[in-house]
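So the structure is just underneath, and the comments pick up after that.
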Amino acid sequence: DGEYKIPGGGIEPGEAYLQALVREVREETGLHVIVSAVREIGEIVEIRRDLFEAKTKYVCHSLFYECRVEGKQDALQLTESEIAKGYELRWATPEEIYQRNILIEKDPWIVRDTAFVKMLMDRKIAIANTDEGAGEKWS
C-alpha cells in the first residue's frame, strides 16, 4: 500500500542478535552489513492484544540498529507475504517515511516503525554522521 517498512524480523533458534540483523538485512534488502560498524540505537517494547487470539497479550521487543553496508547487493530473499505486499528496497529520508506512513498505519509493525522514525526526527535517538550521507537516508 505504499508504506515504508524498516528491514527486520525474528531471531531464529540459536541465532544471536547480530547474526539475525545481518541475515534479515541481507534477505530483505540484499545488502551486506559491515559487522564492525553496527551500533544499537534504540528499542521499542510493543504490548497489545494478539491479532489471532483476542484473549492473548502480544509482546514484541524490537531493537533498532545503525548499520553500514558494503557496496555489493544480492537478490532479495523475501517471504511470500512480503512479495505479495510489493516490498522492495527503496531509500528515503525519515521525513519522507513518516509523512507516507502516517497516512496508512494499518499494520502494527508500520505503526511501530513510524513511531521509531518519529523519534529519529525529534532527535530523541541520535545517528552518527561520520561518512558523507550517513544517517540521512533509511530504507
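Starting from 1, each residue takes its place in the sequence as its number.
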### Message
Quick check against the 3.5 Å criterion: does Glu53 have a side-chain atom that pairs as donor or acceptor with the backbone of Asp50?
### Response
no

### Backbone N/O of Thr114 and side chain of Asn101: donor-acceptor pair under 3.5 Å
no

### Query
For the atom pair OG1 (Thr93) and CE (Met121), what is the distance rounded to the nearest 0.5 Å?
8.0 Å

### Task
With sequence neighbours excluded, tell me which residues meet side chain to side chain contact (heavy atoms under 4.5 Å, CB included) with Glu24.
Glu27, Glu28

### Task
Check the pair Lys118, Lys124 against side-chain contact (heavy atoms from CB on, under 4.5 Å), reporting the backbone distance first and the verdict last.
CA-CA 9 Å; Lys118 180 70 167 137; Lys124 293 180 179 174; over 6 Å; no

### Message
Glu70: which residues meet the salt bridge (Lys or Arg N to Asp or Glu O under 4.0 Å) condition with it, sequence neighbours left out?
### Response
Lys72

### Task
Taking all non-hydrogen atoms of both residues into account, name the closest pair between Met119 and Ile44 and its distance.
CE-CD1, 3.5 Å

### Query
Would Arg26 and Leu31 count as a side-chain contact (heavy atoms from CB on, under 4.5 Å) if you check the C-alpha gap in whole Å, the side-chain angles of each, and the deciding distance to 0.1 Å?
CA-CA 5 Å; Arg26 187 170 297 163; Leu31 300 172; over 6 Å; no

### Query
Can you hop from Val38 to Ile11 via hydrophobic side chains spaced under 4.5 Å?
yes

### Query
Can you name the closest pair of heavy atoms from Val69 and Val33 and give their distance?
CG1-CA, 4.2 Å

#### Entry: Shared hydrophobic cluster, Ile34 / Leu21 (ILVMFWY, side-chain heavy atoms < 4.5 Å)
no

### Message
Tell me whether Tyr65 shares a hydrophobic cluster with Val35, the cluster being built from Ile, Leu, Val, Met, Phe, Trp, Tyr side chains joined at under 4.5 Å.
### Response
yes

### Query
Going by an N to O cut-off under 4.0 Å, is there a salt bridge joining Glu3 and Lys85?
no

### Task
Give the intermediate values and the outcome of side-chain contact (heavy atoms from CB on, under 4.5 Å) for residues Cys60 and Arg112.
CA-CA 10 Å; Cys60 180; Arg112 180 187 60 237; 3.9 Å; yes

### Task
Answer yes if Val111 and Phe116 sit in the same cluster of Ile, Leu, Val, Met, Phe, Trp and Tyr residues linked by side chain heavy atoms under 4.5 Å apart, and no otherwise.
no

### Message
What's the separation between atom CZ in Arg68 and atom CZ in Arg39, rounded to the nearest 0.5 Å?
### Response
8.5 Å

### Query
Can you get from Ile97 to Ile102 by hopping between Ile, Leu, Val, Met, Phe, Trp and Tyr side chains that sit under 4.5 Å apart?
yes

#### Entry: Arg49 CZ: over 12 foreign heavy atoms closer than 6.0 Å
no

### Query
Sub-3.5 Å donor-acceptor pair from the side chain of Asp113 to the main-chain atoms of Lys5, do we have one?
no

### Nearest non-hydrogen partners of Gln19 and Gly14, listed with the distance
OE1-O, 4.0 Å

### Message
Measuring from atom OG of Ser62 to atom CD of Glu46, what distance do you get when rounded to the nearest 0.5 angstrom?
### Response
6.5 Å

### Message
Between Arg100 and Gly2 (side chain of the first, backbone of the second, donor and acceptor by atom type, cut-off under 3.5 Å), is there such a pair?
### Response
yes

### Query
So which heavy atom on Leu63 is nearest to which on His61, and how close?
CD2-NE2, 3.6 Å

### Query
In the hydrophobic clustering that connects Ile, Leu, Val, Met, Phe, Trp and Tyr at side-chain heavy-atom distances below 4.5 Å, which members other than Ile110 occupy its cluster, ordered by chain and number?
Leu76, Leu78, Ile83, Tyr87, Trp109

#### Entry: For the student: nearest non-hydrogen atoms of Gly10 and Ala20, plus distance
O-CB, 4.3 Å

### Verdict with supporting geometry, Phe64 and Glu40, side-chain contact (heavy atoms from CB on, under 4.5 Å)
CA-CA 6 Å; Phe64 292 83; Glu40 186 178 336; over 6 Å; no

## Note on the structure
For Thr29 and Pro7 the tightest heavy-atom approach is CG2-CG, 3.6 Å

